[in-house]
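Please read the structure below before turning to the comments.
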Amino acid sequence: MSGELESLEQVLQGHIPGQEIKEVWRILYGKEPGILDLPDVAVNAASQGQFELKGFILEAATEQLRRPRIVRVGLIQNKIQTATTEPVVEQIYALHKRIATMVEAASTCGVNIVCFQEAWTMPFAFCTREKLPWTEFAESAENGITTKFCQELARKYNMVIISPILERDESHGDVLWNTAVVISNTGAVLGKSRKNHIPRIGDFNESSYYMEGNTGHKVFQTAFGKIAVNICYGRHHPLNWFMYSMNGAEIIFNPSATVGELSESLWPIEARNAAIANHCFTCAINRVGTEHFENEFTSGDGKKAHHDFGHFYGSSYVSAPDGSRTPGLSRVNDGLLVVELDLNLCRQTSDKWNFKMTGRYEMYAEELARVTKADFQPDIVRE
Ligand SMILES: NC(=O)NCCC(=O)O
């Protein structure tokens, strides 16, 4: 353990008296989620495999005309499994092995859709700005070894798998993208969704490797509901969430890689706010641990050269459209968060709060069209 806090929730629970914690929780986290009973086989697998396992239920009201639409999602956060100096293929296979164990546990918990963290097959090496060996982690979204690995898991466990990778696009001059591959529970590649917003902040030097995505705001109709993937830095862009939602997403996954010093105070707010604003579920997943790189790099901020990005704080969680949310996974350990959702809550919340009805989209469409013109002048009234 790194001397890092285990989790915010653990600190709250450890210090707030029993009679007050429920009220504190309600104010901070909304309606309390139910606890999902998880099978012994999964609990044992987690203890043997040394990963955290938590399960919650986010319920909806009973309706007369629609049956509940129950889906179980699995969020997986993990550390890299080997030193970043090991051969590329060994690093990839070690991660495959780790994920296979965690997905098997997810299947015993009845998970229907599982999502891994951003660029899950590699260390988050974009801080280094070095090309080799990191670009060698890139794979075809359609035929790469990781997609084949996920297809086998999807078929075996009847599970939709969201696999965010560094993509090498062999059909377009071998260029790189930051891409989530969506694999159907049948094992077919349903499609891919590329990261729309690329960070230019701190050590997040991703813009040296790939460009802003060109796949728009695709929504994937799966056997378990309509899903979309908003990759990492896209969570700071409300219009990005909005467009996935306007295309019908009921669950938006946000596979991420972000560090404490930069974003931890934003983390609990952004995906949760997106669930509220868009009447949908959001699943925020962050990698965990500190990754060491052999060569020092600088951040262009006058500070000393360093060998790591800082601490990836995990804390993966799920938010519901009514603003309630689950506690997060650990800030320091690998983990699997299993959450049972009733998708009926999306429409129920929309009918209650009416954000899509009151959103005045035509007004904003006109104003945005003007803002993006070269001759735009801000509409400021002066005396
Ligand atoms: N991976 C990534 O886009 N990180 C950027 C930092 C952040 O969005 O917190």
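Just so you know, these numbers come straight off a predicted model, no measurement behind them. Note that ligands are numbered from 1 as they come in the structure, with each ligand's atoms numbered from 1 the same way.
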Handout entry: Phe355 and His279 aromatic ring geometry - parallel, tilted or perpendicular at 30°/60° bounds
Key = parallel
Exercise for the section: Please check if the side chain of Glu340 supplies one atom and the backbone of Ile70 the other of a donor-acceptor pair under 3.5 Å. Expected result: no
Exercise for the section: Could you tell me whether the side chain of His217 and the main chain of Ala228 form a donor-acceptor pair under 3.5 Å? Expected result: no
I need the nearest protein heavy-atom contact for [atom]: residue, atom name and distance, please.
{"atom": "atom 6 (C) of ligand 1", "result": "Leu262 CD2, 3.6 Å"}
{"atom": "atom 2 (C) of ligand 1", "result": "Cys232 SG, 2.9 Å"}
{"atom": "atom 9 (O) of ligand 1", "result": "Thr258 OG1, 2.6 Å"}

Exercise for the section: Report the part of Phe204 (side chain from C-beta onward, or backbone N, CA, C, O) that has a heavy atom under 4.0 Å from ligand 1; answer both or neither where that applies. Expected result: side chain
Handout entry: Contact partition for Ile231 relative to ligand 1, non-hydrogen atoms under 4.0 Å
Key = neither
[X] neighbourhood, listing ligand 1 atoms whose heavy-atom distance to it stays under 4.0 Å:
{"X": "Ser263", "result": "9 (O)"}
{"X": "Pro199", "result": "2 (C), 3 (O), 5 (C)"}
{"X": "Phe124", "result": "1 (N)"}
{"X": "His236", "result": "7 (C), 8 (O), 9 (O)"}

Practice task
Indicate, with yes or no, if the rings of Phe242 and Tyr364 have centres closer together than 6.0 Å.
Solution key: no
Handout entry: Phe293 ring center within less than 6.0 Å of Phe309 ring center
Key = no
Exercise for the section: For atom 3 (O) of ligand 1, state which one of Glu264, Arg235, Lys195, Glu118 supplies the nearest heavy atom. Expected result: Lys195
Practice task
May I have the step-by-step check of side-chain hydrogen bond (donor to acceptor under 3.5 Å, both in side chains) for Asn178 and Tyr233, ending in yes or no?
Solution key: CA-CA 11 Å; Asn178 184 320; Tyr233 190 74; over 6 Å; no
Practice task
Could you tell me whether some N/O pair between Ala257 and ligand 1 is separated by less than 3.5 angstrom?
Solution key: yes
Exercise for the section: Tell me yes or no: between the side chains of Ser330 and Glu6, is some donor less than 3.5 Å from an acceptor? Expected result: yes
Practice task
List the steps and the verdict of side-chain hydrogen bond (donor to acceptor under 3.5 Å, both in side chains) for Asn214 and Arg194.
Solution key: CA-CA 7 Å; Asn214 60 357; Arg194 290 176 172 154; 2.8 Å; yes
